[in-house]
A.B. asks: 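Take a look at the following structure, please.
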Amino acid sequence: MAPSRRDSPGMSAVSVKQCLAGGIAAGSEVEVRGWVRTRRDSKAGLSFVQISDGSCQATLQIVAPSELDNYENEVKQLTAGASLIARGTLVESRGKGQAFEVKAAAIEVLGLVDDPETYPIQPKQHSLEFLREVAHLRPRTNTFGAVTRIRHSAAFAVHEFFTKEGFCWVNTPIITSSDAEGAGQMFRVSTLDLENLPRTDAGKVDASQDFFGREAFLTVSGQLNVEAYCLALSKVYTFGPTFRAENSNTARHLAEFWMIEPEIAFADLNDDADLAERFLKHVFKSVLEQRPDDMEFCEQRVQKGVIERLEKFLDASFERIDYGDAIEVLQKSGKKFEYAPDWGVDLQTEHERFLCEEHVGRPVVVMNYPRDIKAFYMRQNDDGKTVAAMDVLAPGIGEIIGGSQREERLDRLDARIAEMNLDASHYEWYRDLRRYGTVPHAGFGLGFERLLVYICGLANIRDAIPYPRVPGAAEY
RNA sequence: UCCUCGAUAGCUCAGUCGGUAGAGCAAGUGACUGUUAAUCACUGGGUCGUAGGUUCAAGUCCUACUCGAGGAGCCA
C-alpha cells in the first residue's frame, strides 16, 4: 500500500490508518487530511489536534507548534468538526496513547465550524436517538464510522462468498408491475398528475395512460425474477434495495432496505440450509478479520458480547429441526409463553429464541412449516400439510433468514394459485419456468440491515443504514 | 395501526406539595500543563415540544395535537 504521490515534492498524502499502522517509516514527510475531533493546547508552545479521516476507528494526533504562521488565528480556532490538511513529519510519539503522531510543519485549515456551541457532534457520548435527527452529521461519530466500515466489509464479503461459490449477481428490477407474492404493501410508481387523474369510462383511474401503460410499483422482492435466471445460470443471487410500504414502526423494520436473495437450481431444502450456513459463517468471519478495531468498538460501546457471539456462531454447526418437532419441544418445555405454541400457527419471536438459545444453544434451522401460513411458491411436501420452507434462527435475535424450496411442478403450483385466489394472469411468465425445463430449486432471503444489527449488536435497525426510511420520516 | 412511557440550555439529565429554572459535558475567557474525552477558576446560554384549559399562581394538574422511545401486529 504505497502512499500516493502528491504535488508537493517529497510529500505523500496518507490516511490516518496508514500513519498508525507502522508501514510508514518514522521521519517520513507526510500529508494527512481530516476532521478535528478534539484540540488540546499546551503552554509549552504547542497544540494537540486529534483528527479522523474515516479510514479507521482511531484518531491521529497532530502536534502543532506555536511557531506556525496561522497558530493564533487559525489553529487555536479549531474545534470539533473543523477540516484541515496537515503537512509534516511522521514521528514516534513522545506521549502515551499512540505509537505515532505527525509533527506539523504546516496546517491548512479548510473549514472552521461556524458556531461551535451548536455543532451537534461533540466529543462525548450522544444518544442514537439524537444522532438519527442529524443523519448528515452522524457519520462523523465513532459509532457510525464503525457501522459504515463494517457495512462495507459485510457487503464485500457477501459478493466474495457468492463469487467463490460460482454465483452470478443478478440485478432484478426495482420497478415492477406485479405484486410478486403479495409480500406486503407496495409503493406505487406513477407519473400521472395527482391533481388531475385520467379516468376510464367506469370512473376508475386509467392506468393505461401512466408511464408504463399499466400500474407499477417498487419491488418487495426480487425472488420471482431471479428464479428465471436461476433456471439458466444455476447459481444466482440478488443484492439490492427493496421497499415495503407497511406501516410498521419498530426497531426491526425499514420502508427501504437492502435484501440478499440467493437461488440455486438442482437443489432441495437441505442444500438451501447448507448454503445459508456457509454464507452466514463466511460473512461473520470476514468482518471479524477485516474490521477488528470496529468490532472491538462495538464490543465496548454498542453491545458487550457481540464478538464472542459471532465467534461462537462460526464454531457451531446448525441444528436442524422439523417444525412439527419444534412445536412439540415448545409444548413440552414447561416454559410459559405469552402465545401458546400450536401446530398450524407461526412461531413467535419468544418461541424462536427459546429454541436456539435455551433448547439447542446454537443456530437452528426450522424446516417444513404448515403450508397455510406460507407463500404460494413454496414446494408442497408429500404429507399434504406442510411445505419445504425453512427459517434460520440465531441466538440473540431469532429469525435471521427465511427460505424455501420452490414448487417446480406446474400442476401443484396452479393448484396453490387457485387455492389462494391469486390472479393467475399475473404469473404466466413464472408458470413458463415450470413448463420449459423445470428443475427443483431453492433459495432464501436475508435483510442486509438485520444482518448488520446482529453483527454490530445494534438495538435499532435505523442505525444500520445511512438514511433510514420509515413511516412518517424520509428527511435528508 | 394498537398499548405504554417520554419531550426542560448545543448534548445528557435533575427539578420535591403548583409559588416565575439547576447540574455535568460542550462553548467563551483566564490559569496550568508533551497533552490524551486533560485539569482548575470564571462567564454567557432557557417562550420548559405546540395549542388550549384549571388556578391568585403551571416545567409541575387537565385536554388535544406533534415528535421520539419501548412493546405488539406485519415481516426481511
Side-chain angles (χ1 to χ4, degrees), chain A residues 36-50 58-66 76-77 79-81 91-98 101 103 113-134 137 141-142 181-185 219-223 238-239 241-261 301 338-339 346-350 352 373-375 391-392 397-403 444-454 459-462 464-465 470-473 475:
Chain A
V36 174
R37 285 293 177 78
T38 62
R39 187 195 88 235
R40 297 179 295 276
D41 301 324
S42 168
K43 268 298 182 302
L46 63 162
S47 289
F48 300 96
V49 184
Q50 298 290 145
T59 55
L60 177 67
Q61 177 159 282
I62 309 293
V63 182
S66 56
K76 290 195 77 175
Q77 305 303 311
T79 56
V91 296
E92 287 181 22
S93 179
R94 284 165 59 185
K96 292 171 196 156
Q98 61 279 317
E101 64 192 15
K103 196 160 187 64
V113 169
D114 277 354
D115 182 3
E117 187 170 6
T118 59
Y119 179 65
I121 311 300
Q122 296 166 1
K124 58 169 285 188
Q125 196 150 18
H126 286 94
S127 68
L128 294 170
E129 291 84 358
F130 168 69
L131 291 172
R132 270 171 227 147
E133 293 166 15
V134 286
L137 297 174
T141 62
N142 287 330
E181 61 209 77
Q185 291 292 108
T219 183
V220 292
S221 163
Q223 182 205 313
T238 72
F239 186 0
T242 309
F243 307 88
R244 303 274 169 93
E246 249 123 34
N247 190 14
S248 26
N249 214 307
T250 80
R252 300 177 302 283
H253 289 86
L254 292 166
E256 176 184 286
F257 62 99
W258 286 62
M259 188 150 66
I260 299 156
E261 297 166 294
R301 303 289 278 275
E338 195 178 337
Y339 293 88
D346 212 351
L347 297 178
Q348 299 287 317
T349 299
E350 56 178 343
E352 296 176 343
I373 58 172
K374 291 294 181 181
D391 280 351
V392 178
I397 194 170
E399 181 188 334
I400 191 163
I401 280 181
F444 62 79
L446 163 75
F448 186 50
E449 286 76 17
R450 287 191 178 175
L451 189 68
L452 288 167
V453 160
Y454 191 69
N460 195 315
I461 199 167
R462 297 171 193 201
I465 191 167
V470 295
E475 215 187 337

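Letters A, B, ... are given to chains in the order of the sequence lines, protein chains preceding strands, and every chain is numbered from 1.
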A.B. asks: Are the side chains of A/Tyr454 and A/Ile400 in touch, meaning some heavy atoms are under 4.5 Å apart?
C.D. replies: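 A/Tyr454 reaches A/Ile400 side chain to side chain.
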A.B. asks: Check the phosphate of B/A72 against A/Gln348, side-chain N and O only, distance under 4.0 Å to OP1 or OP2. Yes or no?
C.D. replies: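 The answer is no; no side-chain N or O of A/Gln348 sits under 4.0 Å from OP1 or OP2.
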A.B. asks: Can you give me the closest heavy-atom contact between A/Ile461 and A/Val453, atom names plus distance?
C.D. replies: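 A/Ile461 and A/Val453 have their closest heavy atoms at CA-CG2, 3.7 Å.
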A.B. asks: Within a strict 4.5 Å, meaning less than it, do heavy atoms of the A/Leu128 and A/Asn460 side chains meet?
C.D. replies: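 No, every pair of side-chain atoms sits at 4.5 Å or beyond.
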A.B. asks: Starting at the 5' end of RNA chain B, what dot-bracket string do you get if Watson-Crick and G-U pairs under 3.5 Å are bracketed, crossing pairs use [ ], other-strand pairs use | and unpaired bases use dots?
C.D. replies: (((((((..((((.....[..)))).(((((.......))))).....(((((..]....))))))))))))....
A.B. asks: Between B/C67 and B/U29, how far is it from one P atom to the other, in whole Å?
C.D. replies: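 Going atom to atom, P in each nucleotide, I get 40 Å.
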A.B. asks: If I pick the P atom on B/C2 and the same atom on B/C61, what distance separates them, to the nearest angstrom?
C.D. replies: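 Straight-line distance between the two P atoms is 25 Å.
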A.B. asks: Nearest-Å distance, CD (A/Gln50) to P (B/G34)?
C.D. replies: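 So the CD-P distance, A/Gln50 to B/G34, works out to 17 Å.
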A.B. asks: Is A/Ser248 close enough to B/C75 that one of its side-chain N or O atoms is under 4.0 Å from OP1 or OP2 there?
C.D. replies: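 Result: no.
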A.B. asks: Taking CD from A/Glu350 and C1' from B/G71, how many angstroms apart are they, rounded to a whole number?
C.D. replies: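 So the CD-C1' distance, A/Glu350 to B/G71, works out to 13 Å.
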A.B. asks: Side chains of A/Asn142 and A/Arg37, heavy atoms from C-beta outward: is any pair under 4.5 Å?
C.D. replies: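 Side chain of A/Asn142 against side chain of A/Arg37, heavy atoms only: contact under 4.5 Å found.
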A.B. asks: Let me know the distance between CD of A/Glu246 and C1' of B/C2, rounded to the nearest Å.
C.D. replies: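 From A/Glu246 CD to B/C2 C1': 16 Å.
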A.B. asks: Name the nucleic acid region contacted by A/Asn460, choosing base, sugar-phosphate or nothing; use a 4.0 angstrom heavy-atom cut-off, strictly under.
C.D. replies: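 Sugar-phosphate: the residue A/Asn460, judged by heavy atoms under 4.0 Å, touches backbone atoms but no base.
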A.B. asks: I'd like the P distance from B/C3 over to B/G49, given in whole Å.
C.D. replies: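 Each nucleotide's P atom is 24 Å from the other's.
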A.B. asks: Please determine, for the side chain of A/Phe48, which listed nucleotide (B/U35, B/A37, B/C75) has the closest atom?
C.D. replies: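 Nearest to the side chain of A/Phe48 among the choices is B/U35.
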A.B. asks: If you measure from the C1' atom in B/G24 to the same atom in B/G70, how many Å do you get, rounded?
C.D. replies: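 27 Å, rounded to whole Å.
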A.B. asks: For the pair made of CG in A/Asn249 and C1' in B/U66, what is the distance, rounded to whole Å?
C.D. replies: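 Spelled out: CG on A/Asn249 to C1' on B/U66 is 14 Å.
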A.B. asks: Whole angstroms only, please: what is the NZ-C1' distance between A/Lys103 and B/U35?
C.D. replies: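 These atoms are roughly 12 Å apart.
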A.B. asks: Rounded to the nearest Å, what distance is computed from the CZ atom of residue A/Arg37 to the P atom of nucleotide B/U36?
C.D. replies: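 So the CZ-P distance, A/Arg37 to B/U36, works out to 18 Å.
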A.B. asks: Among the nucleotides B/C75, B/U36, B/A27, which one has an atom lying closest to any side-chain atom of A/Gln98?
C.D. replies: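 So the side chain of A/Gln98 is nearest to B/U36.
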A.B. asks: If I take atom CD in residue A/Gln61 and atom P in nucleotide B/A38, what distance separates them, rounded to the nearest angstrom?
C.D. replies: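 Atom-to-atom, A/Gln61 to B/A38, this comes out as 10 Å.
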A.B. asks: Determine the minimum heavy-atom distance between A/Ser42 and A/Phe48, stating which atoms define it.
C.D. replies: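 Of all heavy-atom pairs spanning A/Ser42 and A/Phe48, the closest is CB-CE1, 4.2 Å.
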A.B. asks: Categorize A/Tyr454 for me: base, sugar-phosphate, or nothing, with a 4.0 angstrom heavy-atom threshold over every strand shown.
C.D. replies: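 Touches nothing.
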A.B. asks: Quick check: closest heavy atoms across A/Gln98 and A/Lys96, and the distance to 0.1 Å?
C.D. replies: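 So the minimum-distance heavy-atom pair works out to NE2-O, 3.2 Å.
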A.B. asks: Quick check: on RNA chain B, is the nucleotide nearest A/Arg132 upstream (toward 5') of the one nearest A/Asn247, or the reverse? Name the residue that is more 5'.
C.D. replies: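 Its nucleotide being nearer the 5' end, the pick is A/Asn247.
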A.B. asks: B/A58 and B/G52: how far apart are their C1' atoms, nearest whole angstrom?
C.D. replies: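 The answer is 14 Å between these two C1' atoms.
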A.B. asks: With rounding to the closest Å, how many angstrom separate the P atoms on B/C48 and B/A9?
C.D. replies: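 About 10 Å, rounded to a whole number of Å.
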A.B. asks: What is the distance from CZ of A/Arg94 to P of B/U33, rounded to the nearest Å?
C.D. replies: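 Computing the A/Arg94:CZ to B/U33:P distance gives 15 Å.
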A.B. asks: Mind checking A/Ile401 for me? I need base, sugar-phosphate or nothing, with any heavy atom below 4.0 Å counting as a touch.
C.D. replies: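 Nothing: the residue A/Ile401, judged by heavy atoms under 4.0 Å, touches no strand.
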A.B. asks: In whole Å, measure the gap between the C1' atoms of B/U47 and B/G59 for me.
C.D. replies: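 About 12 Å, rounded to a whole number of Å.
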A.B. asks: If you take all heavy atoms of A/Leu452 and A/Ala464, which pair is closest and at what distance?
C.D. replies: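 So the minimum-distance heavy-atom pair works out to CD1-O, 3.6 Å.
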A.B. asks: Take atom P in B/U16 and the same atom in B/G53, then report the distance between them in whole Å.
C.D. replies: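 Looking at atom P only, B/U16 and B/G53 are 25 Å apart.
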A.B. asks: Hey, is CG on A/Asp114 packed in by over 12 heavy atoms from elsewhere, all under 6.0 Å?
C.D. replies: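 Not buried by this count: 12 neighbours or fewer within 6.0 Å.
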A.B. asks: Less than 4.5 Å apart, any side-chain heavy atom of A/Phe448 and any of A/Phe257?
C.D. replies: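 No, too far: nothing below the 4.5 Å cut-off.
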A.B. asks: Under 4.0 Å: is that the gap between some side-chain N or O of A/Arg39 and OP1 or OP2 of B/U35?
C.D. replies: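 For A/Arg39, the contact criterion (side-chain N or O under 4.0 Å from OP1 or OP2 of B/U35) is not met.
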A.B. asks: Identify the heavy atoms of A/Gly403 and A/Asp391 that sit nearest to each other, and give their distance.
C.D. replies: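 Taking every non-hydrogen atom into account, N-OD1, 4.4 Å.
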A.B. asks: Could you list, one pair per line, each protein nitrogen or oxygen that sits under 3.5 Å from a nitrogen or oxygen of nucleotides 5-14 of chain B, together with the distance?
C.D. replies:
residue	atom	partner	partner atom	Å
B/G10	N2	A/Gln122	OE1	2.8
B/G10	N3	A/Gln122	NE2	3.2
B/C11	O2'	A/Lys124	NZ	3.3
B/C11	O2	A/Lys124	NZ	2.6
B/U12	OP1	A/Ser127	OG	3.1

A.B. asks: Assuming nearest nucleotide by heavy-atom distance, tell me which of A/Thr79 and A/Thr38 is located more 5' along RNA chain B.
C.D. replies: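 So the residue in question is A/Thr79.
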A.B. asks: Please examine the side chains of A/Val220 and A/Phe243, heavy atoms only from C-beta on, and report whether any two atoms are closer than 4.5 Å.
C.D. replies: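 Not touching, per the 4.5 Å side-chain cut-off.
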A.B. asks: By nearest atom, which of the nucleotides B/A31, B/G34, B/A69 is closest to the A/Lys43 side chain?
C.D. replies: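 So the nucleotide nearest the side chain must be B/A31.
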A.B. asks: Any base atoms under 4.0 Å from A/Gly95, or only sugar-phosphate, or nothing? Heavy atoms, all strands.
C.D. replies: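 Base contact.
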A.B. asks: Indicate yes or no: at least one non-hydrogen side-chain atom of A/Arg40 is less than 4.5 angstrom from one of A/Gln61.
C.D. replies: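 Counting from C-beta outward, A/Arg40 and A/Gln61 do come under 4.5 Å.
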A.B. asks: Checking understanding here: a glycosidic angle within 90° of 0 is syn, the rest anti, so what is B/U20?
C.D. replies: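 Judged by the O4'-C1' to base torsion, B/U20 sits in syn, the angle falling within 90° of 0.
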A.B. asks: What's the closest nucleotide to the A/Lys96 side chain, out of B/U36, B/G73, B/U33?
C.D. replies: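 Per side-chain heavy atoms of A/Lys96, the pick is B/U36.
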A.B. asks: Tell me whether the side-chain N/O atoms of A/Arg40 come closer than 4.0 Å to OP1 or OP2 in B/A38.
C.D. replies: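 Yes, A/Arg40 has a side-chain N/O under 4.0 Å of OP1/OP2 on B/A38.
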